[in-house]
Amino acid sequence: MENIEYLKKQISIMLNLFNGKHYDDLIYKGNLLIKKFPEQAILYNITSLAYNASGKPIKSKELLLKILKKQPKNFNVLNNLGLACLELNDYDQAEKYYSEAITLNSNFIDPLVNLGNLKTKQNKNEEAKNLFVKALKINDKIIPAKISLAGYFEQSGNFIEAKKIYNEVLKINPNYTIADKSLSLIHKYNLNDNHIKTMEE
């Protein structure tokens with residue numbers, strides 16, 4: 001029980017380091033904790049994300065492959081392996097890992113969105129759209145899926161639908177500046193425009 005409480009506290013510290021972009025500190029701490037708790041996949045996952053964020057996707061992939069040998073059906077590990085492969089521009093491997101994660105857990109939104117973003121990079125826009133729609137059927141409040149779907153409509157020239165989704169994002173999180181920026185690029189303003197008012201607020 002004491003170990004579980006200690007581990008929870010350490011994971012919380014790691015997440016704070018990640019959110020604060022203290023990636024080197026997180027990597028150091030993560031590797032120490034992995035030696036102490038070698039079966040805890042969450043430690044590998046958080047540390048791998050820090051490697052990725054600090055421009056070391058090879059290290060990220062190597063670390064995740066270690067835990068994947070022990071836990072081959074861990075869909076979080078598979079999703080993060082996809083992210084590492086994407087950073088390495090290995091699209092085939094990224095797709096393989098995302099697809100495996102989705103097969104293991106069809107309600108896992110992250111690989112659906114990640115695979116959709118990969119399809120967008122490959123100009124397979126209809127496939128991407130279908131993945132974003134699938135993710136939003138699971139949970140229609142997931143902002144990354146909404147932003148990606150709005151981006152699809154924007155690229156397709158369907159600005160009405162794109163605006164609608166960006167506004168939905170701002171209802172969920174009024175401080176989500178990516179949606180504000182995107183709206184401002186596709187919106188024709190007049191003097192008493194509601195979007196100007198909301199941005200000012």
Side-chain angles (χ1 to χ4, degrees), residues 15 18-19 23 41-159 161-166 168-169 172-173 176-179 181-182 186:
L15 290 171
F18 185 82
N19 291 330
Y23 303 128
I42 191 169
L43 300 174
Y44 293 79
N45 278 321
I46 300 171
T47 307
S48 77
L49 292 172
Y51 274 127
N52 247 6
S54 59
K56 298 169 188 167
I58 292 171
K59 289 276 192 187
S60 175
K61 186 178 176 183
E62 286 170 354
L63 186 66
L64 290 165
L65 287 172
K66 285 180 187 174
I67 191 66
L68 191 69
K69 284 179 185 172
K70 300 176 186 183
Q71 299 180 24
K73 294 189 184 301
N74 188 312
F75 45 81
N76 286 299
V77 170
L78 288 163
N79 178 59
N80 288 337
L81 265 165
L83 292 174
C85 290
L86 187 63
E87 286 294 313
L88 293 164
N89 294 315
D90 188 345
Y91 291 178
D92 290 342
Q93 278 293 100
E95 181 168 351
K96 173 182 171 281
Y97 287 125
Y98 291 145
S99 297
E100 283 181 35
I102 293 164
T103 300
L104 287 166
N105 183 352
S106 59
N107 288 323
F108 186 21
I109 289 172
D110 290 4
L112 286 167
V113 175
N114 291 335
L115 184 55
N117 289 330
L118 172 57
K119 294 293 181 185
T120 301
K121 278 179 179 273
Q122 296 172 314
N123 293 317
K124 297 177 181 176
N125 294 323
E126 279 304 311
E127 288 181 53
K129 176 196 168 190
N130 292 337
L131 287 158
F132 301 140
V133 168
K134 190 174 179 182
L136 289 167
K137 279 182 182 172
I138 297 164
N139 184 339
D140 68 353
K141 300 281 190 287
I142 298 296
I143 287 177
K146 280 188 171 292
I147 289 289
S148 295
L149 185 59
Y152 161 82
F153 284 118
E154 193 176 335
Q155 286 180 353
S156 307
N158 188 343
F159 298 122
E161 197 61 32
K163 282 181 194 177
K164 179 184 153 201
I165 297 170
Y166 287 133
E168 286 172 5
V169 168
I172 298 166
N173 181 353
Y176 202 81
T177 54
I178 292 169
K181 183 180 177 185
S182 298
I186 61 174

**Q** Taking CD1 in Ile172 as the centre, count heavy atoms belonging to other residues, nucleotides or ligands within less than 6.0 Å. Is the count above 12?
**A** yes

**Q** Using only heavy-atom distances, determine whether the side chains of Asn45 and Asn80 contain a donor-acceptor pair under 3.5 Å.
**A** yes

**Q** Show, in sequence, the C-alpha distance, side-chain angles and deciding distance for Ser60 and Glu87, and conclude whether the side-chain contact (heavy atoms from CB on, under 4.5 Å) test is met.
**A** CA-CA 10 Å; Ser60 175; Glu87 286 294 313; over 6 Å; no

**Q** Measure the shortest side-chain to side-chain distance between Ile109 and Leu136 over non-hydrogen atoms and say whether it is less than 4.5 angstrom.
**A** no

**Q** Who pairs with Glu62 by salt bridge (charged side-chain N to carboxylate O under 4.0 Å, His left out), at least two apart in sequence or on another chain?
**A** none

**Q** Which heavy atom of Lys73 sits nearest to which heavy atom of Leu104, and what is that distance?
**A** O-CD1, 3.5 Å

**Q** Using every non-hydrogen atom in the two residues, find where Cys85 and Ala94 come nearest and quote the distance to one decimal.
**A** CB-N, 3.7 Å

**Q** What pairs meet the side-chain hydrogen bond (donor to acceptor under 3.5 Å, both in side chains) rule with one or both residues in residues 104-117, with sequence neighbours excluded?
**A** Asn79-Asn114, Asn117-Ser148

**Q** Over all heavy atoms of both residues, which pair between Leu68 and Tyr97 is shortest? Give the atoms and the distance, please.
**A** CD2-CE2, 4.3 Å

**Q** If we only count heavy atoms from C-beta on, is the Asp140 to Glu168 side-chain gap below 4.5 Å?
**A** no

**Q** Has Ile42 got more than 12 heavy atoms of other residues, nucleotides or ligands less than 6.0 Å from its CD1?
**A** no

**Q** What heavy-atom pair brings Pro72 and Leu78 nearest, and what distance separates the two atoms?
**A** O-CD1, 4.0 Å

**Q** So, taking the atom named CG in Asn76 and the one named CG in Leu64, what distance separates them when rounded to the nearest 0.5 Å?
**A** 10.5 Å

**Q** Between Asn74 and Gln71, is any side-chain donor less than 3.5 angstrom from a side-chain acceptor?
**A** yes

**Q** Say you draw a straight line from OG of Ser182 to CD1 of Ile147; how long is it, rounded to the nearest 0.5 Å?
**A** 6.0 Å

**Q** Can you name the residues that form a ring-ring contact (aromatic ring centres under 6.0 Å, His included) with Phe108, not counting sequence neighbours?
**A** Phe75

**Q** Examine distances only and state if a side-chain atom of Asn52 and a backbone atom of Ser48 form a donor-acceptor pair shorter than 3.5 Å.
**A** no

**Q** Please answer whether the main-chain N or O of Gly116 pairs with a side-chain N or O of Thr120 as donor and acceptor at a distance below 3.5 Å.
**A** yes

**Q** Centroid separation under 6.0 Å, is that true for the rings of Phe18 and Tyr23?
**A** yes

**Q** So, using salt bridge (charged side-chain N to carboxylate O under 4.0 Å, His left out) as the criterion, who are the partners of Lys70 when residues are at least two apart?
**A** Glu39

**Q** To the nearest 0.5 angstrom, please state how far the CG atom of Leu83 sits from the CG atom of Leu88.
**A** 11.0 Å

**Q** Rounded to the nearest 0.5 Å, what separation is found between the CG atom of Asn173 and the CD1 atom of Ile143?
**A** 5.0 Å

**Q** Starting at CD1 of Ile165, measure out to CD of Glu154 and round the result to the nearest 0.5 Å.
**A** 10.5 Å

**Q** Where do Tyr152 and Val133 land on the side-chain contact (heavy atoms from CB on, under 4.5 Å) test, with the steps shown first?
**A** CA-CA 11 Å; Tyr152 161 82; Val133 168; over 6 Å; no

**Q** Under the criterion side-chain contact (heavy atoms from CB on, under 4.5 Å), I'd like the reasoning laid out for Leu131 against Val113: C-alpha separation, chi angles, the key distance, then a yes or no.
**A** CA-CA 7 Å; Leu131 287 158; Val113 175; over 6 Å; no

**Q** Only counting residues at least two apart or in another chain, list the ones meeting ring-ring contact (aromatic ring centres under 6.0 Å, His included) with Tyr176.
**A** none

**Q** Could you tell me which non-hydrogen atom of Ala150 sits nearest to which non-hydrogen atom of Ala162, and how far apart they are?
**A** O-CB, 3.6 Å

**Q** With respect to Ile67, which candidate in Val77, Leu81, Leu43 satisfies the side chain to side chain contact (heavy atoms under 4.5 Å, CB included) definition?
**A** Val77

**Q** What residues form a salt bridge (charged side-chain N to carboxylate O under 4.0 Å, His left out) with Lys119, not counting sequence neighbours?
**A** Glu95, Glu127

**Q** Please determine whether the number of non-hydrogen atoms from other residues, nucleotides or ligands lying under 6.0 Å from atom NZ of Lys134 exceeds 12.
**A** no

**Q** To the nearest 0.5 Å, what is the distance between CG on Leu149 and CZ on Phe132?
**A** 7.5 Å

**Q** Sub-3.5 Å donor-acceptor pair from the side chain of Ser54 to the main-chain atoms of Tyr51, do we have one?
**A** yes

**Q** When you measure from the side chain of Asp90 to the backbone of Leu86, do you find a donor-acceptor pair of N or O atoms at a distance under 3.5 Å?
**A** no

**Q** As a quick check of understanding, evaluate side-chain contact (heavy atoms from CB on, under 4.5 Å) for Tyr166 and Ile178, giving each step before the final call.
**A** CA-CA 9 Å; Tyr166 287 133; Ile178 292 169; 5.8 Å; no

**Q** What is the minimum heavy-atom distance between Pro57 and Ala84, and which atoms define it?
**A** CB-O, 3.8 Å

